[in-house]
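Reading through the C-alpha cells given below for one structure.
Indexing begins at 1, ligand by ligand and atom by atom, following the structure's order.
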Amino acid sequence: MCVPFPPPGRQPATQRDTLAGMSEATPAGAGRGTILVLNGPNLNLLGTREPEKYGTATLADVEQLAKDTGAAHGLDVECFQSNHEGALVDAIHAARGKAVGIVINAGAYTHTSVAIRDAISAVQLPAVEVHITNVHAREEFRHHSYLSDISKAVIAGAGILGYRFAVEYLAGLQASRD
Ligand code: CA2
C-alpha cells in the first residue's frame, strides 16, 4: 500500500515550514528570493545528544540562524529536515523555480546518496554543502561526499556558523545576479 509521506497533518514544525509544501500563492516575503536550508538524517537530534561533537544548539536554533542571516540580506529562508532520502529529494525538486539556492547538510546521506546528488544536479540551483564537524578529520568513510563536486562551496568544521556562512555566500551570489 502506498502511504503519503509525510502523512497529512502529522508533520513536526520544521517539516510544515517547508518549500515543498509552499503553494504557488505563497508571497515572496522579503522580496529578493528564497533559500532552502535542508538537513538530513539525525540532525533533528542536534542539541540533545553528543554535544562534544555537534554542539548544544538545536535544529530550531540552526534554522533561526539561517532565517536571520537571510533576512539581513533581504532573502527568505525555508527550512526542511527529514530522516528519509526520498523526502529530501522531493524537497529539492520542489525548490526548482522557487528558490535561488540550496544549503544542504545531508548528514550521512552525504557519503551514500547518488539520489540526492542527482536531484541537486537536476534542479540547477547553486548549492552549498555544510557540515557541522570537520568530516576530513573524522573516519575515512566521511571523507568522500557525493555532493562536493556539484556544490558551489563546501563548509565543514565551522559548527553551526557554517549555515550562516552558506546563506551569506548564496546571498552574495544572488546579489551579483540581481
Ligand atoms: O558534521 C556534519 O554536519 C555531518 O553531516 C553530521 C552527520 C554525519 O553523518 C556526517 O558525516 C557529518 C551526522 C548527523 C548526526 O547528527 C546528530 C546530532 C546530534 C546528536 C546525534 C546526531
Give a yes or no answer on whether the side chain of H111 reaches the backbone of S145 with a donor-acceptor pair at less than 3.5 Å. no

Return a table of N or O atom pairs, ligand 1 on one side and protein on the other, at distances under 3.5 Å, rounded to 0.1 Å.
residue  : atom   : partner : partner atom : Å
ligand 1 : 1 (O)  : I132    : N            : 3.3
ligand 1 : 1 (O)  : T133    : N            : 2.9
ligand 1 : 1 (O)  : T133    : OG1          : 2.5
ligand 1 : 3 (O)  : N105    : ND2          : 2.8
ligand 1 : 3 (O)  : I132    : N            : 2.7
ligand 1 : 5 (O)  : N105    : OD1          : 2.8
ligand 1 : 5 (O)  : H131    : ND1          : 2.9
ligand 1 : 9 (O)  : A108    : N            : 3.4
ligand 1 : 9 (O)  : R142    : NH1          : 2.9
ligand 1 : 11 (O) : H111    : NE2          : 2.7
ligand 1 : 11 (O) : R142    : NH1          : 2.9
ligand 1 : 16 (O) : N42     : O            : 3.4

Got a donor-acceptor contact below 3.5 angstrom from the Q81 side chain to the G40 backbone? yes

Taking the side chain as every heavy atom from C-beta outward, state whether V128 and I102 have any pair of such atoms under 4.5 Å apart. no

For residues 117-126, which residue pairs pass the side-chain hydrogen bond (donor to acceptor under 3.5 Å, both in side chains) check, not counting sequence neighbours? R117-D149

Return the set of residues passing ring pair (Phe, Tyr, Trp, His ring centres under 6.0 Å) with Y54 (not counting sequence neighbours), or none when no residue passes. none

Does R164 have any salt bridge (Lys or Arg N to Asp or Glu O under 4.0 Å) partners at least two apart in sequence or in another chain, and if so, which? none

